[in-house]
Structures are given as structure tokens and as C-alpha cells.
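Chain letters run A, B, ... following the sequence lines, proteins first and then strands; every chain starts at 1.
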Amino acid sequence: MSDMRELSKGFDHATVDPKWYAFWESSGAFRADPASSRPPFSMVLPPPNVTGVLHIGHALNQTLPDIVCRWKRMTGHDVLWLPGTDHAGIATQNVVEKHLADEGTDRHALGREAFVERVRAWSRQSHGTITSQMRTLGSSVDWSRERFTLDDDLSRAVRRVFVTLYREGLIYRGKYIVNWCTRCRTALSDLEVVHEEQAGRLYHVRYPSATEGAAESGPAAEGGTDTEGADAARRGANAAEGAAGGGGVTVATTRPETMLGDTAVAVHPDDDRYRGLVGGTLRLPIIGRELPVVADEFVDAGFGTGAVKVTPAHDPNDFEMGRRHDLPQVVVIGEDGRMTAEAGSFAGQDRLAARKAIVERLEAEGLLERVEDHRHAVGHCSRCHTVVEPLVSTQWFVRIKPLAEPAVAAVKDGRTRFVPENWARTYFEWMTNIHDWCISRQLWWGHRVPAWYCDRCGSVVVEEEAPEACGCGGPLRQDTDVLDTWFSSGLWPFSTMGWPDATADLARYYPTSVMITGLDIIFFWIARMMMLGMKFAGDVPFKVVYITSLVRDAHGRKMSKSKGNVVNPLQVMDEIGADAFRFTLAALASPGMDISLSEGRLRGYRQFVNKLWNVSRFVLMNLPASLTERPPAPPPAGLGTIHRWVLHRVSELAAEVTRALEGYRFDVAADRLYHFIWHEYADWYIELVKPHLQEEAEDREQALAVLLAVHDRVLRLAHPFMPFVTEELWQTLPAAADAADDGRTPDGRARTVTRAAWPEPVAAWADDEAVSVLTLLQEVVTGVRTVRAELGVPPSRRLRLQIEHADPAERAVLDAHGEYVRRLAGLEAFEFVEAAPADPDTVRRLVRRMRLYLPLAGIIDRAAETVRLRREIDKISKQLGSLEGKLGNPKFRERADPEVVAETEARHAAARQRRQQLDEVLAELAP
RNA sequence: AGGCGCGUAGCUCAGUCUGGUUAGAGCGCCUGCUUGACACGCAGGAGGUCGGCGGUUCGAGUCCGCCCGUGCCUACCA
């Protein structure tokens, strides 16, 4: 028809999506406006690594906040969603180092400055990748406010925080035991160490008494092994059964290589076995050093032999114990993971090779009493998986307790709320057991520690800006370390808004409204933002933290490259479009449940997008070209039942979706939209409204007005979930007569659904009567359709339906809506009768109290019908039994809600009647 | 070792907080349909002892206890 609008047959996301993103961006649809009179709503984007690519975790953690932002924009908020990227110190540096290795060089050959420039160049180049992928996903961030953690102003914020904390004594520098990655050659924070349970060994080693030991294994014994002598020694050791027997002590260790650095042996003060030894000395095998025996509460008398070797330089507990007992630190493992000169003949060996050699040596000397299998957790570098080495090293630390306390209190008193609230527990647990935070890294890529050292007077100068010279006039050299990347991301919610300056953005948008992010960075990031935000920005960084789940593969397994089950969001979006992908993520995002991305769900929602597309095609092809304005929804009073029904339902939908979003139930919102759009709007309303849209229909205008009102609302409600397709479809609708209700870009020149008003429930549309009418129509139509399907009646065959036992109200409803029933059930006609027709080939079906009779001469399959009836009778008998049990129980009548009792009674009566009717029908069919 | 979760149809999941219709959805499966929006569709159907045992209750998928299975996080027992 010439005066009809048209849409292409299918939705082509590849061309549509980029078109609208470019439009939104250029028209400023996502720009926040601090001068606006609208209430503010703000979020900051968890900054992805600048050199990263969009992975499934980003996809979820951007889709959900994007849904919230788009919704809030439509509810009339001035929305700021601030994007940016993270320099990701160690991760990015590792990548570039790998590039250099491929080129046959390394960063030391390049030099610090050139290396940093190289990383910067790579970051610049890579930056476009992640940001364009965010656009593909549809993230409605305000690009005009994009930030990078290494930007000048953010770096200034980092220095301000560092200097302030230093002056307050909350940052200190010192020589402590830290987690050291021998491959990355840097210190790591506790969080960057991943513990993995591993099969290891527990070696029981005999440390002889100082006198005894001197003879057996001093330095003199080193260099050669006398097998005979060793055997003799072993026999001797075995003979000393008691742990403290023979003047020596047996200790148990999982890391024999560290024994070379032992400076004591410790026992529990109350351990009677060793009481006599405390204060005495033992002889360290191989090395021959004399070791004092100390008593310390830390020792667990029940573990191993109850005596523990103490290596203050290579074990965190021993480090503490060493300080308590004033023990020397002997460093036997270097920063490169090799044994140092202190390790005597083992010097230069890798720590693991040394372990083996030392065990052999002990064995040879007869000092290895026993080896047990022992499972224990071993720390690995989270970046390169190298086994982490505890080392004593000079580093910078943040004193965390004074910062953690207010951050805990803020969650306790609800200034920041976790959703789901269970996560607060995890947060508390970590925050109350937290250790000081090692923030210095021996890397080049990052914020350089703003500390300078004077070689002349030895003083340390900590300043925001590089000082000229030391107070003593001596030259200064800057600390070569950089800060942990999370130190700068911890400032993100306020550093990105201009802090330390008192900017308009900061005043308006801080604290942010919500933070939506994954559980994997609660400690790395959420906790640090809480601590630093409260300390420096004067308030919590966000009022709500929504913790998203982990995305897994279709079978609930963690995605990993080695398993080959990694879902690439870009590929998925390429195949099914961003809208279907986003809708799937939302639909699967049940709180507290990990998300299993199943192909079936993805496909199902792609088809849903297609459904929405085709509904729109239907709407459009029924719009006369003369209709250039979307008419306001007509008042329900003068409307037919189907219109009143759909208005009622779409109004309820608005309420349901809104409620779901308010509770962060993205899954519920998606489910409601899906069900309404497909199974109510498309399956029923569109089918019902068709005749009213005929050109000759006298109520066509009215039908069009309702159809457009519903369609417009549907697109708006679906927009946060499926931004691209809804914008494309919404743009094809005629603009509203009432411009106030019609989304406009900030410059007012173009329409956009991103800023259209969010549909509110309309009280005047509530219409339970229309619902009950539709329910009856649906039941009758479905009843007839079921008979047709089961008995294989071709659709072309128009049937005559007879209805018995309809009560007057039902008769009136069916009569009034006869045309709908005839059309949807494929009837030639229906009529009400007083008695069952005599025709033996008539099939009966029960709907409520009514009996539907369909004459099916030549088609009816009595046997099949009998089977079906028997099955139905079985079912209803079971139901009847349980209902009778319930009603027969006097306590039920006494205690249950009277409404429930009445309802149950009604159900019981209906079931009984139905049972009786079915029996009759069956008797007629199979006498 | 502690903490948190999960176990409902063949598969992926809602429903459990606030106990009470006939436990729902998508995918898959079966039957029939080129129905003038859509075969990425339409209509109909099969399929569930809600992990197990015990308890509370008139009534339990839902509340309580124990057990089994499974996943994750935290952790300085050498």
C-alpha cells in the first residue's frame, strides 16, 4: 500500500547500532550537565585496563550500569556516567616487556625513560580498542569526561594523597617482609598473591645440639659426603625417639631451602617436651651456625614435632618472631630467586633446585628423619603465576587500620549499602583482618613515588612537586619505585571529578549514586575507594554497591583460555547484536547466582529482538501516512475491552519493570518485558486488534491510538535493555502531539528515546473487568484450539461450536466478543445450547463450568480421546484428593486465612464438578 | 581452617525472604500448520518424588537441624 510506512524485513544490527551510537554521542545525549535543574544521578565506570580488550566480565559490568543509567536518564535525572581507563601498572608493563622480549631486547637495555615512552605509545594505540568496544556494547558514558589514571590531574591527586598520608604518619617506609615475585622482580600486595592448595612435603630434619652437631656437620663436613658416616648418623638419629632426645631437636618444614637462613628454633613455652632446651643452643646442619632455642606463643605444639625452625628473612611469621626475640636476619634467597652467598655451596642455585640438593645432603648426613606428604597453600603471583617468595625488603606501606575503621562504620550504619547485602559480611571480614598495604612496586610504569633522598644528609623529602634540592643543599634523587596501580584507582570516584580542586562536578556528583562491579575486586577496589574516599573526599564514594556475579560458560564452569570455553562478547555481538546480548545478560543476572551463558538463552533473546522488530513492522504498516503525529492515548471509558485490557497490562508492566529496576532485579525486569511483549502484546492484543485496523473499520482511529500508545510505551520500557533496536524503532514512530512527553536531544533539535520520559503506571487504566473478560476469551479459544490440535483438524476447517452450561454472565461476555472468539478459534459460528447434541461424533471439552461441543464427523479418534480423558481424570482426582485432605482437616478451617479457605472451597467445588463432567463425557465416549 | 553460595523439567535458570491456586520461563523434544508482522514464526503437547533424611506446622520447593554433592572467597600452622 502506498501510504504505509515500511521497515526492512529484518533487524540489521551491524548497520543500525553504530549509526545510533554516533548520533547519541554527537548530540550529547549522554552528557551530564551540572547546570541542569534535574536531580543528579552519578556513577563512575570501573576503568578497564587501557591495553585490555572487552571481555565477558566487562560486558556484564557495563550492561547492568548502562541499564540503570539509561533508565535514570528517562526518569528525568541528570545522569553522569564517567568513563576512563586504568594504566594497570604491572599488567601493562608485563605485556610490553613481552613485546620487547620478542624483539630480543629488554627494558634495561632501553632505559627507564624510553621504556615508559614505549608503554605510553602502546597504551595510546590500545586505548582505542577498548573504548570502541564499549561503544559497540552501547555503554552510555559521558565521553567528554573521560579520564586516564595517569592523566596529569589524576597524578596530582595521587601525589596529594601520598604526601598527606605520609605527613599524617599513615604512609611509612621500612624494611619488612613482603611478597616478592622473582620473575616480575617486584614486591606485591597481599591481594596480588593467589593461594593455591598444592601437594607438598613436610620434611622432618634433625638439628643436633650445639656440642653434638659441631662434630657431625659443621662447615668442615661440607664438600664431601661420607656414605658410611651418614648411615651411622641416621642410625643415631633414629635411635633418639623422643623429639628432644639426644640433646638435639627435630623440626618440620615444607621449605628446607630456607633453613640455611635459620637463626633460631622455637617451641611453645608450655611444651614440656622442650622445656629444658629453651635458652640452650642447637647446631644448624650444613651451615653449622649456632641457633638459640626460643619459646614463643606462636608455635603450635600440636603441629609437626612442636619445634619450628625460625627463618626471619624468609617467612612472615618468622619475621615477626625474629623481631620479638631480636634474632638476626640471614638472607639466603635473593630477589632473583637464587641462593645468595650466605647459602654457602648452594649459592647461585635456583631456590627449588637448592631445595632438592639440600634434602639430598640432609639425607646423606642422616639428618632427614622423615618425609610426609603434606597439602598446603602456596602463594603465586597473580600476574605471572610464579611462586611468591617472602623476602625482607625496603618498601612503602599504608597504615591501614585508621583508614579501615571509618570505612567499616560507613557500611555498618548504611551510608553505603551492599546489594545483595550478604557481601557486606565479606567486606567486614576482610576489612577487620586487614594488614598494612605495600604500595611500592619495583616497576617503571605507573605513578612514581613522590619521595626524594639526599645522599649528603640522608634525609627523605616527600613533596607533591619535585624539590630543587635538599634542605642541607645536597642533591636529591627520586625514589625509583612506582605505586601499586590500585592506589590511583582507589581515588577514582573523586580524582576523576577534579579533586583536590573543589569543582562543580565534585560538588554535584560526589558521592556517586551506585557502583556496579564484580565480586573479584571488592577488596582490590571497593574497599580502597571506601577508605580513601572517606579520608579525602569527605564522604563515602557511593551509596550503593551492587555486586555482580561471575559469568561462566553454559555449564557453569569458569571460563578459561586453557579450557577453550571463553565467550568473546565481541563475537557474540557480531552474531546476534548488542541488544540481544545485553538482554541475555540482564535476564540471567539473578542476584547471588553465577551466570551461565547458555547458547540457548542467547538465541532465544535474539529471536525476541526479532519479535519486537516484527511487531513494529506490523504497527508501521498499519499507520496511514496521513498520521504524522502520535495521538495521545484515548481515555479508557469509550474503549473496547481489548484496548482497555492492553492499556491495563502495559500500565502494570511499567510498574513491574520500575519496581524490578529499583531493586536491581534486572532478571525480573527482563522477564516481565519478555513475557508481556511476546505473550500478551504480540500473541493476543495484536491478533485481537487486527480487524479494527482495517481501513473500513469505523473504530480504526481509536485502535491506532491505543496501539501507538502501547507500542511507544513498550519501546521506552525496553530501551535500557535493548538501546539500539528500540531507538531505531522509536524513531520510525510519529512524534507525539505533546512535545513534553517526547524525548529531545539536549540541543532540542532531534528526538531520541534515550531522553524520552519513562512510562509511569496510569491509575485510570486499571481495569480488572477487562482482565476477566480476556481470561475467559483466552480459555475458550485455547479450549477449541487444543481440540483441533489434538485431533488434527486442519485450520481450513471452520467449526461450529456449541456451548452448554454457560452462565448468563459468561454468555453475555462471549456474545459481546463473539467475533474475536470465532476468528481466533477458527469457528464458523458458535451458539449456546440447552442440552448435549445427539451427534455421536461430537467432541466435548470443558472450560470452567461450560461444555464446548465440536461436531467432528469423520475426524474424531475415539481411542485417542478416551486416553486423553482418562489422563485428565487421573490428574484431577489427585488434585481432588489433596483438596479434600486439606478441607477435611478441622485445623485448616480454624487457622487458615478465611480468604484462603473460601478459595480452597471454591477450587474444591470446581474440581468436583469437573471430575463429574469428565466422567460423564468418558461414559458417553466409551460406554 | 573459616566465610559465602548453589543443588527445582534433558540443558540453563526463576519461584524460597513474607509457608497455602494446578511449581513457571527459555532452549531442546513430539504433533500439526507457507495463518498478509515474524518459520528467528504460529497453534498444541510430553516432560518435575523441587539433592537426601529428620523436625516445626492443619499445611513445607518455601522455615529449622543434620547429611550428601558442588562452586567461590578469605587465611602467617611451619
Side-chain angles (χ1 to χ4, degrees), chain A residues 7 9-11 177 190 195 202 251-255 258 266 298-300 302-305 307-311 315-320 374 376-377 390 422-423 425-426 429-430 433 435 519-520 522-523 549-550 552 554-558 576 587-588 590 592-622 667-668 671 674-675 679 682-683 686-687 690 782 785-790 792-796 826 875-876 878-879 882 885-886 888-897 900-901 903-904 906-907 911:
Chain A
L7 272 176
K9 182 143 184 181
F11 170 52
I177 195 144
D190 292 348
H195 294 269
L202 190 59
V251 300
T253 179
T254 54
R255 303 192 55 205
T258 63
F298 164 78
V299 179
D300 175 0
F303 184 88
T305 62
V308 55
K309 60 192 259 332
V310 183
T311 323
D315 181 279
N317 295 315
D318 294 4
F319 179 82
E320 293 300 326
H374 181 65
H376 62 135
N422 267 356
W423 289 111
R425 249 183 116 115
T426 305
E429 210 170 283
W430 190 73
N433 297 316
H435 291 74
L519 55 95
D520 47 334
I522 292 185
F523 307 133
S549 312
L550 221 61
R552 299 165 170 283
H555 302 286
R557 291 174 312 187
K558 207 169 181 169
I576 68 170
L588 294 177
S590 299
M593 277 288 286
D594 284 341
I595 294 177
S596 297
L597 244 203
S598 85
E599 223 176 288
R601 298 292 286 263
L602 284 166
R603 202 163 350 112
Y605 293 121
R606 177 198 62 187
Q607 281 154 203
F608 176 55
V609 173
N610 185 252
K611 189 75 182 178
L612 186 61
W613 181 264
N614 279 294
V615 169
S616 299
R617 285 183 73 203
F618 173 82
V619 171
L620 285 178
M621 70 175 51
N622 281 289
D667 58 325
V668 171
D671 183 69
Y674 182 95
H675 191 268
H679 297 303
D683 282 355
I686 297 237
E687 291 309 320
K690 277 176 179 171
T782 303
R785 281 173 177 171
T786 304
V787 173
R788 301 184 74 115
E790 280 176 1
V793 184
S796 54
K875 215 168 165 179
I876 207 142
K878 244 186 245 167
Q879 208 183 101
S882 90
K886 194 188 271 189
N889 190 328
K891 289 188 179 168
F892 171 66
R893 292 182 181 281
E894 280 168 36
R895 299 186 194 178
D897 186 337
V900 173
V901 175
E903 207 179 292
T904 309
R907 252 187 306 132

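Contact annotation: A/Lys690 reaches the phosphate of B/A37 (side-chain N/O to OP1 or OP2, under 4.0 Å). Under 4.0 angstrom from either OP1 or OP2 of B/A78 there lies no side-chain N or O belonging to A/Thr253. The shortest distance between the side-chain N/O atoms of A/Gln607 and the OP1/OP2 oxygens of B/C38 is not below 4.0 Å. In this model, the phosphate group of B/U12 is not approached by any side-chain N or O of A/Arg601 to a distance below 4.0 Å at OP1 or OP2. Contact between the side-chain N/O atoms of A/Arg603 and the OP1/OP2 oxygens of B/G28 is found at a separation under 4.0 Å. A sub-4.0 Å separation between OP1 or OP2 of B/A78 and a side-chain N or O of A/His374 is present. Dashed line: the shortest gap from a side-chain N or O of A/Lys611 to OP1 or OP2 of B/G26 is not under 4.0 Å. OP1 or OP2 of B/G26 lies within a sub-4.0 Å distance of a side-chain N or O belonging to A/His679.
Checking B/C4 for Watson-Crick or G-U wobble geometry (two distances, each under 3.5 Å) identifies B/G71 as its partner. Applying the Watson-Crick and G-U wobble criteria (two distances, each under 3.5 Å), B/U34 pairs with nothing in any strand. Nucleotide B/C53 is matched to B/G65 when pairs are restricted to Watson-Crick or G-U wobble geometry with both distances under 3.5 angstrom. Under the Watson-Crick or G-U wobble criterion, with both distances below 3.5 Å, B/A39 is left unpaired in every strand shown. Pairing for B/C27 goes to B/G10, judged as Watson-Crick or G-U wobble with the two contacts each under 3.5 Å. Across all strands shown, B/C76 forms no Watson-Crick or G-U wobble pair with both key distances under 3.5 Å. B/G48 is unpaired under the Watson-Crick or G-U wobble criterion, no partner having all donor-acceptor distances under 3.5 Å.
Inter-residue side-chain proximity for A/Asn614 and A/Arg617 is flagged as met; some heavy-atom pair is nearer than 4.5 Å. Put simply, the side chain of A/Thr426 does not reach to within 4.5 Å of the side chain of A/Asn422, judged on heavy atoms. Contact check for A/Phe303 versus A/Leu202: side-chain heavy atoms found under the 4.5 Å cut-off.
Nearest heavy-atom pair across A/Pro316 and A/Pro390 is CD-CB, 4.0 Å. Here the closest non-hydrogen pair linking A/Arg788 and A/Pro794 is NH2-O, 2.9 Å.
Of the C1' atoms belonging to B/A37 and B/C42, the separation is 12 Å, rounded to the nearest Å. To the nearest whole angstrom, the two P atoms, one in B/A9 and one in B/G51, are 8 Å apart. Using P as the reference atom, B/A25 and B/A43 are 13 Å apart when rounded to the nearest Å. Comparing B/C11 with B/U16, their P atoms are spaced 23 Å from each other, to the whole Å. The gap from the P atom of B/G20 to that of B/A78 amounts to 49 Å, rounded to the nearest Å. Taking atom C1' on both nucleotides, B/U18 is separated from B/G2 by 31 Å, rounded to a whole Å. B/C6 and B/G52 have their C1' atoms separated by 16 Å, given to the nearest Å. Atom name C1', nucleotides B/G10 and B/G19: the rounded distance is 30 Å, in whole Å.
Using a distance-only test at 3.5 Å, with no hydrogens or angles considered, no donor-acceptor pair links the side chain of A/Arg255 to the main chain of A/Asp315. At distances below 3.5 Å, not a single donor-acceptor pair connects side-chain atoms of A/Asp671 with backbone N or O atoms of A/Asp667. Of the possible donor and acceptor atoms, one in the side chain of A/Asn622 sits under 3.5 Å from a partner among the backbone N and O of A/Phe618.
For A/Ile686, taking side-chain heavy atoms from C-beta onward, the closest of the listed nucleotides B/A37, B/U74, B/U12 is B/A37. In this structure, the nucleotide among B/A78, B/U74, B/C76 sitting nearest to the side chain of A/Asn317 is B/C76. Candidate nucleotides B/C38, B/U74, B/G45 were compared by shortest atom distance to the side chain of A/Phe523, and B/U74 ranks first. Nearest nucleotide to the A/Val308 side chain, out of B/A78, B/U74, B/A75: B/A78. Of the candidates B/U74, B/G44, B/A37, B/G44 carries the atom nearest the A/Ala789 side chain, counting heavy atoms from C-beta on. Side chain of A/Trp430, nearest nucleotide from B/A75, B/A37, B/A43: B/A75. Relative to the side chain of A/Asp315, the nucleotides B/A78, B/G26, B/G44 differ in distance, and B/A78 lies closest. Closest to the A/Lys9 side chain, of the nucleotides B/G5, B/A78, B/C38, is B/C38. Counting only heavy atoms from C-beta on, A/Asn422 has its side chain closest to B/G5 among B/G5, B/C13, B/A75. Taking only side-chain atoms of A/Asn610, from C-beta outward, the nucleotide of B/A78, B/C40, B/C76 with the closest atom is B/C40.
Applying the 3.5 Å distance criterion, the base of B/A43 shares no donor-acceptor pair with the side chain of A/Glu687.
Residue A/Ala266 is out of contact with every strand shown, counting any heavy-atom pair closer than 4.0 Å. Counting non-hydrogen atoms under 4.0 angstrom, A/Ala587 reaches nothing in the nucleic acid. Using a 4.0 Å heavy-atom distance criterion, A/Thr786 is classed as a sugar-phosphate-only contact. Backbone-only engagement by A/Asp683 is indicated by non-hydrogen atom pairs under 4.0 Å involving sugar-phosphate atoms exclusively. Residue contacts for A/His376: at a heavy-atom cut-off of 4.0 Å it reaches the sugar-phosphate backbone alone, with no base atom in range.
Taking atom OH of A/Tyr674 as the reference point, atom C1' of B/A25 lies 8 Å away to the nearest angstrom. The interatomic distance linking A/Arg788 (CZ) with B/G45 (P) rounds to 15 Å, in whole Å. Between the CD1 atom of A/Ile522 and the C1' atom of B/C73 there is a distance of 9 Å, given to the nearest Å. Distance, A/Arg606 CZ to B/U12 P: 21 Å, rounded to whole Å. Straight-line distance from the CG atom of A/Asp300 to the P atom of B/C77: 11 Å, rounded to whole Å. If you take CZ of A/Arg893 and P of B/G59, they are 16 Å apart, rounded to a whole angstrom. Per the geometry, CZ belonging to A/Arg425 stands 12 Å off C1' belonging to B/G5, to the nearest Å. Distance, A/Asp190 CG to B/A75 C1': 10 Å, rounded to whole Å.
Toward the 5' end of RNA chain B, the nearer of the two residues A/Tyr605 and A/Ser616, judged by each one's closest nucleotide, is A/Tyr605. In terms of position along RNA chain B, the nucleotide closest to A/Val615 lies nearer the 5' end than the nucleotide closest to the other residue of the pair A/Thr782 and A/Val615.
Using the six-membered ring where Trp is involved, A/Phe608 and A/Tyr674 have ring planes that are tilted, between 30° and 60° apart. Using bins of under 30°, 30° to 60° and over 60° for the plane-to-plane angle, the ring pair A/His675/A/His679 lands in the tilted bin.
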